[in-house]
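Data first, discussion second: the structure below is written as structure tokens.
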Amino acid sequence: MEMDSTIATLNSHQLELVTRARSLAEQKFASRAPHYDREAIFPAEDFVDLHHEGLLGTAVPATFGGLGLGPYRGDVMPLWLMTKEFAKADLSLARCWEGHCNSMVLIDGMGTEAQKKRWFSRVVNQGETWVAWSGEPQSRATSEKVAFGTTTTRVHGGYVVNGNKAFATSAGGAHWAILLVSTAGPGGARHMGGSPESLLLLACDLSHPSIQVDPSWWDPIGMRGTASHVVKFDHTFIPDENIIGSPGQYLAEGWQTCFIPHYAATFLGAAEKAYEFALNYVRSQNKMADPYIQHHIGQSAINVETGYLWLHHVAKMWETGRHDQAQLAGSRARHVMEYLAEDTVKRSIRACGARSLNRPSPLERIYRDLSLYVRHDNDDHLLATIGKSLMGQQHDPSFFKP
Ligand SMILES: Cc1cc2nc3c(=O)[nH]c(=O)nc-3n(C[C@H](O)[C@H](O)[C@H](O)COP(=O)(O)OP(=O)(O)OC[C@H]3O[C@@H](n4cnc5c(N)ncnc54)[C@H](O)[C@@H]3O)c2cc1C
């Protein structure tokens, strides 16, 4: 399998990290996942374990006490493989973990030395967790009674953020959030209408009394353990020392693009877990002589193998400094991986039958989680963005806006 050849490319330190992530995922995280899913709660115990294992600093530079992985650190494949291991146990945990690691990458790339010193030491030593929140969809869903959106106003010594955000992953669990907000009005980064220069990244201490988590909105089919609640900001003051980078830098430098293949790593985890589950299931039921099951297992294995090849391909671009190429290649990988993962999960269900969708089957949760998670970006627009880039048309490589 390609997994074996991917593993063979890792040095002993990288291999040890991935192995440590796998042990944690298999021995601790997998058994907690059904509870977090049912109750739609943040996987707090998992993050305590991640801290105790020294993994919260995985994407923190070594000079600040971390493990130094990341797309701009020339070492990203082990990070994605760790994410894949967590996704095999719990896709919601993987999303919270991605949010934390991506925040570390942003602070490393755009933060000042003083900010890095202040925030990284608290992550590494005190187990503080981070996430990045943009989500302010501007068109209201038919069932929604409130609109989403923040306003961000300049005041003496900082900014005041007022309003609410939805899809705030790790709400109630994370200690800090990087708020992607616009001085031009509501919309965050993804749905913003103003000029790119109006976009700010503000580090927000979530223990501030002006911030409230509203858990009444988040009751989705899947990804329930991400606790992606609505968060309300009641004139929250954010001091200048918490501004990350310069206005518009996030979009101008395409920072979102290095996180897009990270989603693909999580989708690969879903595919690999579904495939392994199906293989064990049909073996245990002695159904391996069925030619259709043979097809499903064969195709699923090829899907997983293809996923590894794509991740490896994109990781090599980041790791060898071919960042321009890597930016859109990551979207291609994410596009391919969405289809491979959904196909693998559906084939696994066909091979195993109805009881594989009866709780506590992991396949049942993966099916629900993946259905929601792939909606994080619209793949129709993502594919159109790749087409536009090939035809020399203007395109948005970060959020694939139509
Ligand atoms: C599990 C999960 C976790 C998430 N975590 C985070 C997080 O931590 N931080 C964060 O910032 N965000 C997060 N998101 C939110 C995500 O970034 C999106 O904002 C969210 O999924 C958008 O919701 P929507 O698809 O209902 O809304 P919409 O944005 O309304 O999209 C609905 C559809 O309309 C299309 N559309 C949008 N605008 C237009 C237009 N102008 N013209 C034509 N079509 C359009 C979209 O492409 C899409 O197909 C998360 C999402 C999920 C599913």
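Order of listing sets the numbers, starting from 1, for every ligand and every atom in it. Please read all numbers here as calculations on a predicted model, not as lab measurements.
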Subset of ligand 1 atoms that lie under 4.0 Å from at least one heavy atom of Arg95: 3 (C), 5 (N), 6 (C), 7 (C), 8 (O)
Nearest non-hydrogen protein atom, atom 17 (O) of ligand 1: Arg190 NE, 2.9 Å
Whether over 12 other heavy atoms sit under 6.0 Å from Lys273 NZ: no
Beyond-backbone contact of Phe400 with Ile260, side-chain heavy atoms, under 4.5 angstrom: yes
Region of His381 engaging ligand 1 - heavy atom pairs below 4.0 Å: side chain
Interfacing atoms of ligand 1 (cut-off 4.0 Å, heavy-atom, Gly135): 10 (C), 11 (O), 12 (N)
Identity and separation of the nearest protein heavy atom to atom 53 (C) of ligand 1: Leu372 O, 3.8 Å
Atom of Arg283, atom of Met288 and distance for their closest heavy-atom approach: CG-SD, 3.3 Å
Proximity flag Gln138 to ligand 1, non-hydrogen atoms under 4.0 Å: no
Heavy-atom side-chain proximity of Arg224 to Tyr36 below 4.5 angstrom: no
Derivation and outcome, salt bridge (Lys or Arg N to Asp or Glu O under 4.0 Å), residues Arg20 and Glu16: CA-CA 6 Å; Arg20 201 163 0 138; Glu16 189 276 322; 2.9 Å; yes
Taking every non-hydrogen atom, the tightest pair across Arg359 and Asp37: NH2-OD2, 4.4 Å
Atoms in ligand 1 with a heavy atom of Pro402 nearer than 4.0 Å: 40 (C), 42 (N), 43 (C)
Flag: protein heavy atom within less than 4.0 Å of atom 38 (N) of ligand 1: no
Residue of the set Trp133, Phe148, Trp217 for which ring pair (Phe, Tyr, Trp, His ring centres under 6.0 Å) holds with Phe167: Trp217
Trp218 N/O under 3.5 Å from ligand 1 N/O: no
Shortest protein contact, atom 49 (O) of ligand 1 (heavy atom only): Asn378 ND2, 2.6 Å
Residues Arg368 and Glu364 bridged, charged N to O under 4.0 Å: yes
Protein residue, atom and distance nearest to atom 2 (C) of ligand 1, heavy-atom basis: His376 CD2, 4.2 Å
Part of Lys401 within contact of ligand 1 (heavy atoms, under 4.0 Å): neither
Flag if over 12 foreign heavy atoms under 6.0 Å of CG, Asp324: no
Identity and separation of the nearest protein heavy atom to atom 29 (O) of ligand 1: His191 NE2, 2.6 Å
Six-ring centre of Tyr263, Arg334 cation under 6.0 angstrom, axis tolerance 45°: no
Option set Phe148, Phe167, Trp133, criterion heavy-atom distance to atom 7 (C) of ligand 1, minimum: Phe167
Step-by-step salt bridge (Lys or Arg N to Asp or Glu O under 4.0 Å) determination, Arg190 to Asp377: CA-CA 10 Å; Arg190 194 180 287 268; Asp377 285 299; 2.7 Å; yes
Any protein heavy atom < 4.0 Å from atom 31 (O) of ligand 1: no
Nitrogen or oxygen of Thr226 less than 3.5 angstrom from that of ligand 1: no
Side chain to side chain donor-acceptor pair (under 3.5 Å) against Lys401, all qualifying residues, sequence neighbours excluded: none
Ala132-ligand 1 polar pair, N/O distance under 3.5 Å: yes
Side chain, backbone, both or neither: the part of Thr169 lying under 4.0 Å from ligand 1 by heavy atom: both
Closest contact, heavy atoms only, Glu128 versus His100: O-CE1, 3.6 Å
Shortest non-hydrogen separation from Leu202 to Val161 and the atoms involved: CD1-CG2, 3.9 Å
Minimum-distance protein heavy atom relative to atom 21 (O) of ligand 1: Arg375 O, 3.7 Å
Identity and distance of the protein heavy atom lying nearest atom 11 (O) of ligand 1: Ser134 N, 2.6 Å
Contact bool for atom 24 (P) of ligand 1 (protein heavy atom, d < 4.0 Å): no
Per-atom contacts of ligand 1 with Met223, taking only distances under 4.0 Å to non-hydrogen atoms: 1 (C)
Residue part near ligand 1, for Ser139, under 4.0 Å between non-hydrogen atoms: side chain
Atom 27 (O) of ligand 1: nearest protein contact (heavy atom, Å): Pro137 CB, 4.3 Å
